[in-house]
Amino acid sequence: MADDAIIAQLEQRLAFAEAAMRDGAAQLEIARASERRHQALVNAIDDAVCVIEVIDADDTARRDYRFLQANIAFERQTGIVDPVGRTARALVPKHEQYWFDTFCRIARTGNAERFEDRAEALGRWYEVYAAPFGSPDERQLIVVFRDVAQRKMAEAALRTSEQHLQGLLAELQHRVRNILTVIRSVFARTVDAGGAIEEIADHFKGRLDSLARTQLLVAQSGRRAIDLENLIRDELLSAGASDGPDLVIQGDEVALDPDVAEALGLAIHELTTNALKYGALRFPASRLDIRWSIHGAAGAAPMLDLEWREVGVPAIAARPARRGFGCELIENALPYRLNAETRLEFRGGGIHCSLRIPLAQGREMLPYIET
């Protein structure tokens, strides 16, 4: 009977042990399933996630960290394959020191940090969140990060674009101030020239239109430089003149600075207006030659030589009794504004105007025309 009792007791203990083993196996499977779900969740994250063990040292050159875990995105975000069990210095020998110093500081203080920094050795820029993981004596961190190089490039491009826009705005403000100064000066000199109010208005409108045409050419030019031939042709076309046996327009290709074009455009306008009223553009038997060329010695600023020559105009060779806007512009303003050499001659048969203009940038707009 005693033996039966002992056997029964052993069977009972065995049953309890088997039940405990089954319960333990079930708990282990639950833990494994939970770990698999956790790993699947971590791997589903687009950001890189890793657990690192910080290797601290007073000698900063010996600071390092070892990768204990890493998700699938880690390779995509870093380009590093199979990091687990290996140290950062072994994987990336030229990795920047500030990464080691930062992770050591977080492990020491126990304070999580969020930051952005460049990983030059990997050719990337990271947005990072790093926090202590586990007990403090394990000196482990969980690090979540993503490559934000594309965003940084977009931000840099945006800053460059904003700076370019600010430059354009500053240039626009400069040109608006200049053009207003020119308009005031042109208006004052037009009024000073005298005449009936209708004549003054007509002259001012023509000069304003000339300035507007030049500004349009500036806006249309991608290089913000104005082609001289286009400038001359636009002015002549506004007066109804075009190529033909009585009109020759010929010269080298020349790109003018906007301020130079503005002053020269006004001079061409004055010559065109005079030719239309009194000169070669009025009389059918007359001829107008406009020719230019570029000259310059080595090391010197190139010079633009422009000749406006009217031939066959049935008029007396005499200088006008009243000195008008056009004469002041060509003989006074262009030399001051553009450091130009000018000669305006009223010959028998028509006007002859010679301009020699250095193509280096001239003076600022103020004052445009001396009063």
Side-chain angles (χ1 to χ4, degrees), residues 171 174-176 178-179 181-183 185-186 203-244 246-276 279-281 288-296 301-310 325-326 328-331 333-344 351-363 365 368-369:
E171 181 179 345
H174 170 75
R175 292 205 61 76
V176 168
N178 280 356
I179 196 65
T181 300
V182 173
I183 290 171
S185 182
V186 168
H203 285 318
F204 180 66
K205 180 180 180 300
R207 290 156 187 163
L208 204 58
D209 288 344
S210 175
L211 289 171
R213 284 189 291 273
T214 302
Q215 296 306 312
L216 180 60
L217 288 174
V218 172
Q220 290 174 341
S221 173
R223 296 182 302 167
R224 291 185 297 170
I226 299 174
D227 181 74
L228 174 59
E229 184 172 348
N230 287 342
L231 180 71
I232 294 172
R233 289 187 182 279
D234 275 9
E235 195 59 52
L236 290 167
L237 282 173
S238 72
S242 58
D243 282 350
D246 299 330
L247 175 61
V248 175
I249 304 173
Q250 189 175 52
D252 301 329
E253 183 176 346
V254 179
L256 299 174
D257 175 86
D259 286 345
V260 174
E262 205 166 68
L264 185 55
L266 268 179
I268 298 297
H269 169 75
E270 293 301 313
L271 291 168
T272 300
T273 300
N274 186 81
L276 191 64
L281 297 181
L288 172 59
D289 280 2
I290 307 172
R291 302 176 189 269
W292 65 91
S293 58
I294 300 294
H295 302 285
M303 303 293 293
L304 168 65
D305 287 325
L306 187 146
E307 298 284 334
W308 175 290
R309 189 186 300 271
E310 299 179 28
F325 178 91
E328 286 202 17
L329 174 67
I330 293 171
E331 296 180 333
L334 292 188
Y336 179 86
R337 172 71 180 89
L338 305 179
N339 296 318
E341 299 174 14
T342 67
R343 187 172 75 253
L344 182 61
I351 284 180
H352 180 204
C353 179
S354 299
L355 306 176
R356 169 166 282 197
I357 303 171
L359 292 183
Q361 188 174 358
R363 302 189 187 188
M365 185 65 68
Y368 188 87
I369 297 174

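FYI, side chains are in, hydrogens and waters are out, and symmetry mates aren't considered; it's all heavy atoms of this structure.
You'll find the side chain of Val260 stays beyond 4.5 Å of the side chain of Leu304, heavy atoms only. You'll find the side chain of Lys205 reaches within 4.5 Å of the side chain of Asp209, heavy atoms only. No side-chain heavy atom of Cys353 sits under 4.5 Å from any side-chain heavy atom of Thr342.
The distance from the CG atom of Leu228 to the CG atom of Leu359 is 9.0 Å, given to the nearest 0.5 Å. Atom CD of residue Glu310 and atom CG of residue Asp246 lie 12.0 Å apart, to the nearest 0.5 angstrom. Note that CD1 of Ile268 and CD1 of Ile330 are 8.0 Å apart. Values are rounded to the nearest 0.5 Å. Note that CH2 of Trp308 is 8.0 Å distant from CD1 of Ile232, once rounded to the nearest 0.5 Å. Expressed to the nearest 0.5 Å, how far CD1 of Ile351 lies from CG of Leu288 amounts to 10.5 Å. Put simply, CD on Glu307 and CD1 on Ile290 are 11.5 Å apart, with the number rounded to the nearest 0.5 Å.
Considering only residues two or more places apart in sequence or on other chains, Glu235 meets the side-chain hydrogen bond (donor to acceptor under 3.5 Å, both in side chains) condition with Ser210, Arg213, His269. For Asp252, there are no side-chain hydrogen bond (donor to acceptor under 3.5 Å, both in side chains) partners at least two apart in sequence or on another chain. Listed by chain and residue number, nothing satisfies the salt bridge (Lys or Arg N to Asp or Glu O under 4.0 Å) test with Asp234 (two or more places apart in sequence, or in another chain). Glu341 pairs by the salt bridge (Lys or Arg N to Asp or Glu O under 4.0 Å) definition with nothing, not counting sequence neighbours. Partners of Arg356 by side-chain hydrogen bond (donor to acceptor under 3.5 Å, both in side chains), not counting sequence neighbours, listed by chain and number: Asp305. Among residues two or more places apart in sequence or in another chain, the side-chain hydrogen bond (donor to acceptor under 3.5 Å, both in side chains) test is passed with Arg309 by His352.
Smallest separation of non-hydrogen atoms from Leu306 and Trp292: CA-CB, 3.9 Å. Across all non-hydrogen atoms, the minimal contact from Ile357 to Ala340 is CG1-CB, 3.8 Å. Across Pro358 and Asn339, no two heavy atoms sit closer than the pair CD-O, 3.4 Å. In this structure, Ala263 and Arg337 approach most closely via the heavy-atom pair CB-CG, 4.1 Å.
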Verdict with supporting geometry, Thr272 and Leu281, side chain to side chain contact (heavy atoms under 4.5 Å, CB included): CA-CA 8 Å; Thr272 300; Leu281 297 181; 4.0 Å; yes
Residues Leu355, Leu264; criterion side chain to side chain contact (heavy atoms under 4.5 Å, CB included); working and verdict: CA-CA 10 Å; Leu355 306 176; Leu264 185 55; 3.6 Å; yes
